[in-house]
Engineer: 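What follows is a structure written as structure tokens; I'll ask about it next.
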Amino acid sequence: MNPVLQTLHEHRTYRQFDPAHQIPAEQVQAMLDATRQAPSWMNGQHYTIIRITDPALRQKIAAAQPNNPQIGTCGEYWIFVTDARRAMLCSQAAGGSFAAAGTPEMLITLVTDAALAAQNAVVAAESLGLGTCFTGGIRLIAPELTEWLGLPAYTYPLFGLCIGKPAVEMQVKPRLPQQAVVAENRYPSDDVLSTALANYEATMTAFGEKREKFPFREKFARYYSQEYAPRNTKLLRDQGLLRQPEGSAETLKGQNA
């Protein structure tokens, strides 16, 4: 197996890092270069990476995310920001209308570009013998991060990425059966998916990851039984990344301006 495939097959998430390990500057630069080489829509590169290098700011973010203490101990912490700010500036410079602002399609484009870049970052870090952990929980404090990071309109903090030297060894976690995520020519039936999910739940129960409190299917039943980060719908609208609903006071105000 070639080294790239080997790195991908051995991916695992680490949540415990050696706080004394400093990642050499040349490795940080190599990871940034690899991250920025990711594919993107129309080569727009619709993301910004904010390295949290200020110790006080890092600890402030970690304190606001008590379920993610690894934010405070990893060697590098990057926040990936979905970013249409540069697209707006391009529109201004070239006389465009920027009419796509706030549409679901634009938001999907921004999130996709950020996710592709982040995956490049993970592969680059792991190829250097480092461990990684995404922290999607920062969306719970997205309004605060918007202020702390000085994020302008048309940007939004999507997720964080911890990179560092692992302090413990982790097992490679089993993945869903292939028939649950790979299909040919048409979407798989609910019967196929339900069987695969039941089998995978048994696999994960046997795997015995200590941090899992509930069986696989129950975990997602609980998660999707309530709205996650409800404040962020308003934030996305305030940032210009989702349009106000038709007939709302904000929409009518804009039409009458």
Side-chain angles (χ1 to χ4, degrees), residues 25 28-54 56-58 60-61 64 76-125 134-161 163 229 231-246 248-257:
V28 173
Q29 190 60 56
M31 290 187 290
L32 288 170
D33 290 344
T35 301
R36 294 171 50 243
Q37 200 60 35
S40 70
W41 177 250
M42 294 177 62
N43 197 30
Q45 303 155 71
H46 298 92
Y47 59 85
T48 290
I49 301 164
I50 299 183
R51 292 178 60 212
I52 307 302
T53 58
D54 179 344
L57 177 58
R58 175 90 80 91
K60 187 176 183 178
I61 295 170
E76 283 278 317
Y77 187 60
W78 300 356
I79 292 181
F80 283 77
V81 176
T82 53
D83 193 339
R85 186 74 181 183
R86 293 189 298 271
M88 181 272 289
L89 294 174
C90 288
S91 294
Q92 286 184 348
S97 67
F98 204 44
T103 60
E105 184 62 29
M106 187 185 84
L107 185 56
I108 290 170
T109 297
L110 306 183
V111 171
T112 300
D113 271 13
L116 290 170
Q119 179 61 20
N120 264 31
V122 166
V123 175
F134 282 113
T135 56
I138 66 162
R139 291 193 297 280
L140 291 170
I141 57 168
E144 289 80 4
L145 282 174
T146 299
E147 177 184 348
W148 298 344
L149 305 180
L151 299 183
Y154 307 115
T155 64
Y156 173 79
L158 189 60
F159 47 73
L161 178 62
I163 307 171
R231 297 186 300 162
N232 289 347
T233 299
K234 180 179 184 302
L235 177 62
L236 286 164
R237 288 172 177 157
D238 290 345
Q239 291 293 96
L241 295 173
L242 273 182
R243 289 180 179 171
Q244 301 290 345
E246 290 296 326
S248 69
E250 290 84 356
T251 301
L252 295 174
K253 179 181 178 181
Q255 290 173 348
N256 295 329

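Everything quoted here is computed from the prediction, not taken from an experiment. Just the heavy atoms: all of them, side chains too, but no hydrogens, waters or symmetry mates, feed the values below.
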Engineer: For residues 147-159, please give each side-chain donor-acceptor pair under 3.5 Å, one per line with the distance, not counting sequence neighbours.
Structural biologist:
unit_1 : atom_1 : unit_2 : atom_2 : d
T155   : OG1    : P152   : O      : 2.6
Y156   : OH     : N232   : ND2    : 2.9

Engineer: Yes or no on side chain to side chain contact (heavy atoms under 4.5 Å, CB included) for T109 and M42, after CA distance, side-chain angles and deciding distance?
Structural biologist: CA-CA 10 Å; T109 297; M42 294 177 62; over 6 Å; no
Engineer: Counting distance only, does the side-chain N/O of R237 pair as donor-acceptor with the main-chain N or O of G102 below 3.5 Å?
Structural biologist: no
Engineer: Kindly check if the number of other-residue, nucleotide or ligand heavy atoms within 6.0 Å of CZ (R231) is above 12?
Structural biologist: yes
Engineer: Could you tell me the separation between the CD1 atom of I52 and the CD1 atom of I79, rounded to the nearest 0.5 Å?
Structural biologist: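 If we round to the nearest 0.5 Å, I52:CD1 and I79:CD1 are 4.0 Å apart.
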Engineer: Determine the minimum heavy-atom distance between M106 and A84, stating which atoms define it.
Structural biologist: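 Nearest heavy atoms, M106 then A84: CE-CB, 3.9 Å.
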Engineer: If only side-chain N and O atoms count, and only distance matters, is there a donor-acceptor pair under 3.5 Å linking Q29 with D33?
Structural biologist: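 A pair is found: one side chain offers a donor N or O, the other an acceptor, under 3.5 Å apart.
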Engineer: CG/L110 to OG1/T48 distance, rounded to the nearest 0.5 angstrom?
Structural biologist: 10.5 Å
Engineer: Supply the atom-to-atom distance T35 OG1 to L116 CG, rounded to the nearest 0.5 angstrom.
Structural biologist: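 Answer rounded to 0.5 Å: 11.5 Å.
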Engineer: Examine distances only and state if a side-chain atom of S40 and a backbone atom of Q45 form a donor-acceptor pair shorter than 3.5 Å.
Structural biologist: yes
Engineer: Could you list the donor-acceptor pairs under 3.5 angstrom formed by side chains in residues 117-125, with sequence neighbours left out?
Structural biologist:
unit_1 : atom_1 : unit_2 : atom_2 : d
N120   : ND2    : A34    : O      : 2.8

Engineer: Examine distances only and state if a side-chain atom of R243 and a backbone atom of P104 form a donor-acceptor pair shorter than 3.5 Å.
Structural biologist: no
Engineer: Does the pair W78 and L32 meet the rule for a side chain to side chain contact (heavy atoms under 4.5 Å, CB included), with working shown?
Structural biologist: CA-CA 10 Å; W78 300 356; L32 288 170; 3.5 Å; yes
Engineer: OG1/T146 to CD1/I141 distance, rounded to the nearest 0.5 angstrom?
Structural biologist: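 The CD1 atom of I141 is 10.0 Å from OG1 of T146, to the nearest 0.5 Å.
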Engineer: Rounded to the nearest 0.5 Å, what separates atom OH in Y77 from atom CG in L161?
Structural biologist: 8.5 Å
Engineer: Ignoring hydrogens, what is the shortest heavy-atom contact between S91 and F98? Give both atom names and the distance.
Structural biologist: OG-CD1, 3.5 Å
Engineer: Working to the nearest 0.5 angstrom, can you tell me the gap between R85 CZ and H46 NE2?
Structural biologist: 14.5 Å
Engineer: Evaluate E144 against K60 for salt bridge (charged side-chain N to carboxylate O under 4.0 Å, His left out), listing each step before the verdict.
Structural biologist: CA-CA 11 Å; E144 289 80 4; K60 187 176 183 178; over 6 Å; no
